[in-house]
K.L.:
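What follows is a structure written as structure tokens; I'll ask about it next.
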Amino acid sequence: MSTIIGNALPTIPWEDKPARCNDVMWRFSKNPIVDWNPIPTAGRVYNSAIVPFKGAFAGVFRGDQKNGRATLFSGFSKDGVNIDLNPNPIQWVDEQGNPAPTSYAYDPRVLEIDGTFYVTWCDDMKGPSIGLGKTTDFVTFTRLPNPLMPYNRNGVLFPRKINGKYYLLSRPSDTGHTPFGNIFISESPDMVHWGNHSFLMGNGGQGWWEGTKIGAGPVPIETTEGWLLFYHGVSGTCNGYVYSIGAVILDKDNPKKVLYRLKNYLLTPEKQYETVGFVPNVAFPCANLFDAATGRIAIYYGAADTYTAIAFCQVDEVIAHIKSNSIVF
Ligand code: BMA
């Protein structure tokens, strides 16, 4: 039986799998949890990250302002479902406390390491690049040096050092709606100096659902079988890109090694809130909450670049499914 290595967190959102559901991942019946225009300053809040914080939850949320610009907002939640968003965008400062604004910022991921919450996002460094920052209270947010050169997106940190090194996943890209993309992995001794960059996994194979590009999703979950990483896979259709959710297991002691890779998607846009919106047919996961005691996992994903939604799975079932339907290529 595969289990999560981590803390018990019985307060995460959860619903049992509906009786007639044959899938390994199922949607929250109250989706979407964030609708259009949730705050006066943002029309759409999606592709967002939430973490356990002081007995409840806090997060960094992508909100597209009413001038259309992607921006990060902070928020708090008692139950992980009803989100209290701060209507003022995050005001970043540098390490000396001076204003360090972002011109745009999107697709945040958040994780805690030793009491500090690190944020990665897609930042503007003369084009898309990986932003890195930190907070301890979700009120003051401090920018750290960008870890990688442009152009890059989907920067995702591992939640602890592995054999003395931090690891960062990323997806080198270009300045546009990149029609290609693979996941690479970089190492650092100190979160400042990053190197030993290497290819981790690519698009395609037999999977048309991930034929165009892939990108890391939420922060990987440590399990007895290895690192469980959900990611997005993109296919190109006559009607534009379609973003689905897939999963892979990486070696616990060497996350540069793919052990198992699910050949099919776990979730693809089907519901109206996923197929109709600002950008149709997008399910874009950026966070997961989990309860190590029960193996419950709640995945937060942006739907149609408009809404925030939740899907559930159970660690033992999802790992067994990945292992018995795996193609590593
Ligand atoms: C990607 C990112 C995501 C977005 C997706 C679909 O390039 O910009 O934020 O959800 O496209 O539009």
Side-chain angles (χ1 to χ4, degrees), residues 1-35 46-53 55-59 75-83 159 209 217-232 243-249 260 262-275 282-304 307-326:
M1 171 135 180
S2 316
T3 54
I4 294 171
I5 299 171
N7 297 326
L9 193 62
T11 53
I12 66 168
W14 183 256
E15 272 176 357
D16 288 334
K17 192 194 286 200
R20 286 189 306 276
C21 176
N22 296 316
D23 296 322
V24 171
M25 185 173 281
W26 61 97
R27 294 165 177 83
F28 188 31
S29 63
K30 298 193 179 69
N31 277 349
I33 61 162
V34 184
D35 209 333
Y46 57 103
N47 298 9
S48 295
I50 187 164
V51 287
F53 178 70
F57 304 98
F76 297 91
S77 177
K78 286 194 172 62
D79 57 6
V81 174
N82 296 290
I83 315 278
W209 69 274
V219 171
I221 300 173
E222 189 170 5
T223 77
T224 48
E225 295 292 311
W227 295 100
L228 171 60
L229 172 70
F230 298 104
Y231 66 97
H232 65 257
Y243 283 69
S244 305
I245 303 176
V248 65
I249 300 171
Y260 304 99
L262 181 60
K263 61 184 178 188
N264 300 328
Y265 57 75
L266 283 165
L267 184 148
T268 198
E270 292 170 12
K271 297 287 181 191
Q272 193 168 351
Y273 55 84
E274 298 161 341
T275 56
V282 181
F284 195 99
C286 283
N288 31 224
L289 295 175
F290 53 82
D291 175 25
T294 57
R296 295 172 171 178
I297 301 173
I299 293 166
Y300 287 73
Y301 64 101
Y307 308 102
T308 305
I310 301 177
F312 302 112
C313 61
Q314 223 284 337
V315 71
D316 189 45
E317 185 183 14
V318 77
I319 285 181
H321 182 69
I322 296 167
K323 287 173 75 171
S324 55
N325 296 279
S326 169

K.L.:
Contact between P269 and V282 at the side-chain level, heavy atoms closer than 4.5 Å - yes or no?
P.N.:
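The answer is no, as the side chains (C-beta and beyond) never meet within the 4.5 Å cut-off.
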
K.L.:
Which pair of non-hydrogen atoms, one from C313 and one from W26, has the smallest distance, and what is that distance?
P.N.:
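Residues C313 and W26, closest heavy atoms: CA-CZ3, 3.8 Å.
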
K.L.:
Given the rule in the side-chain contact (heavy atoms from CB on, under 4.5 Å) test, do E225 and I322 qualify, once you have shown the distances and angles that lead to the verdict?
P.N.:
CA-CA 11 Å; E225 295 292 311; I322 296 167; over 6 Å; no

K.L.:
With a 4.5 Å heavy-atom cut-off, do I50 and I83 have their side chains touching?
P.N.:
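Side-chain contact under 4.5 Å: yes.
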
K.L.:
T223: what forms a side chain to side chain donor-acceptor pair (under 3.5 Å) with it, not counting sequence neighbours?
P.N.:
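Checked T223 against side chain to side chain donor-acceptor pair (under 3.5 Å); zero matches.
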
K.L.:
To the nearest 0.5 Å, tell me how far T224 OG1 sits from I4 CD1.
P.N.:
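Interatomic distance, T224 OG1 to I4 CD1, rounded to 0.5 Å: 9.5 Å.
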
K.L.:
Would you check if the side chain of T308 reaches a backbone N or O of G302 as a donor-acceptor pair within less than 3.5 Å?
P.N.:
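Such a contact is absent between T308 side chain and G302 backbone.
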
K.L.:
Do R27 and L267 have side chains that approach each other closer than 4.5 Å (heavy atoms only, starting at C-beta)?
P.N.:
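Touching, per the 4.5 Å side-chain cut-off.
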
K.L.:
Quick check for you: to the nearest 0.5 Å, what is the distance between N47 atom CG and Y301 atom OH?
P.N.:
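OH of Y301 is found 12.0 Å from CG of N47.
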
K.L.:
Measure the shortest side-chain to side-chain distance between H321 and L262 over non-hydrogen atoms and say whether it is less than 4.5 angstrom.
P.N.:
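The answer is yes; the side chains approach within 4.5 Å.
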
K.L.:
Filter on side-chain hydrogen bond (donor to acceptor under 3.5 Å, both in side chains), then keep only pairs touching residues 284-298, sequence neighbours left out; what's left?
P.N.:
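As it turns out, the side-chain hydrogen bond (donor to acceptor under 3.5 Å, both in side chains) pairs with a partner in residues 284-298, which skip direct neighbours, are D291-T294.
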
K.L.:
Any sub-3.5 Å donor-acceptor pair from Y300's side-chain atoms to G80's backbone N or O?
P.N.:
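Yes.
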
K.L.:
What are the two closest non-hydrogen atoms of G217 and L229, and how far apart are they?
P.N.:
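Looking at all heavy atoms of both residues, the shortest contact is N-CD1, 4.3 Å.
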
K.L.:
Taking all non-hydrogen atoms of both residues into account, name the closest pair between A283 and I245 and its distance.
P.N.:
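Distance-wise, the nearest heavy atoms are O-CG1, 3.9 Å.
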
K.L.:
Would you give the length of the straight line joining atom OG of S244 to atom OH of Y231, rounded to the nearest 0.5 angstrom?
P.N.:
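It is 10.0 Å, given to the nearest 0.5 Å.
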
K.L.:
For the rings on W227 and Y260, is their centre-to-centre separation under 6.0 Å?
P.N.:
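Ring centres of Y260 and W227 not closer than 6.0 Å.
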
K.L.:
Can you tell me how the ring of W209 sits relative to the ring of Y265, calling it parallel under 30°, perpendicular over 60° and tilted otherwise?
P.N.:
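Plane angle over 60°, so perpendicular.
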
K.L.:
Does the ring centre of F28 sit less than 6.0 Å away from the ring centre of F312?
P.N.:
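That pair passes the under 6.0 Å test.
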
K.L.:
Can you run down the salt bridge (Lys or Arg N to Asp or Glu O under 4.0 Å) pairs that involve residues 310-319, sequence neighbours left out, and say none if there aren't any?
P.N.:
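Listed by first then second residue: K17-E317.
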
K.L.:
In the structure I gave you, are the side-chain heavy atoms of L228 and V318 within less than 4.5 Å of one another anywhere?
P.N.:
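The answer is yes; the side chains approach within 4.5 Å.
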
K.L.:
Would a 4.5 Å heavy-atom cut-off, applied to side chains only, mark I297 and I221 as touching?
P.N.:
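Result yes, sub-4.5 Å side-chain heavy-atom pair found.
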
K.L.:
If you count every heavy atom of other residues, nucleotides or ligands that lies below 6.0 Å from E15 atom CD, does the total exceed 12?
P.N.:
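It does: E15 CD has more than 12 such atoms within range.
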
K.L.:
Among side-chain atoms of E274 and Y307, is any donor-acceptor pair under 3.5 angstrom?
P.N.:
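Absent: no donor and acceptor within the cut-off.
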
K.L.:
So which heavy atom on A298 is nearest to which on I12, and how close?
P.N.:
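Scanning both residues completely, I find the closest heavy atoms to be N-CD1, 4.3 Å.
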
K.L.:
Considering residues at least two apart in sequence or located in another chain, which fulfil the side chain to side chain donor-acceptor pair (under 3.5 Å) criterion with S77?
P.N.:
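Applying side chain to side chain donor-acceptor pair (under 3.5 Å) to S77 gives D79.
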
K.L.:
Atom CG in D23, atom CD in E270: separation rounded to 0.5 Å?
P.N.:
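Separation between the atoms: 7.0 Å.
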
K.L.:
Are F53 and F76 close enough, and set up right, to give a side-chain contact (heavy atoms from CB on, under 4.5 Å), and what steps lead you there?
P.N.:
CA-CA 9 Å; F53 178 70; F76 297 91; 3.7 Å; yes

K.L.:
What are the two closest heavy atoms between A287 and A49, and how far apart are they?
P.N.:
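Scanning both residues, the minimum pair turns out to be CB-CA, 3.6 Å.
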
K.L.:
Please answer whether the main-chain N or O of Y46 pairs with a side-chain N or O of S48 as donor and acceptor at a distance below 3.5 Å.
P.N.:
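Looks like yes, one N/O pair under 3.5 Å.
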
K.L.:
Could you work out, with ring-ring contact (aromatic ring centres under 6.0 Å, His included) as the rule, every residue matching Y273, not counting sequence neighbours?
P.N.:
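Not a single residue meets the ring-ring contact (aromatic ring centres under 6.0 Å, His included) criterion with Y273.
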
K.L.:
Looking at CE of M25 and OG1 of T268, how far apart are the two atoms once the value is rounded to the nearest 0.5 Å?
P.N.:
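Here the interatomic distance stands at 12.0 Å.
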
K.L.:
Sequence neighbours left out, what passes ring-ring contact (aromatic ring centres under 6.0 Å, His included) with F284? Give chain and number order.
P.N.:
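Testing F284 for ring-ring contact (aromatic ring centres under 6.0 Å, His included), a comparison that skips the adjacent residues, returns H232, Y243.
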
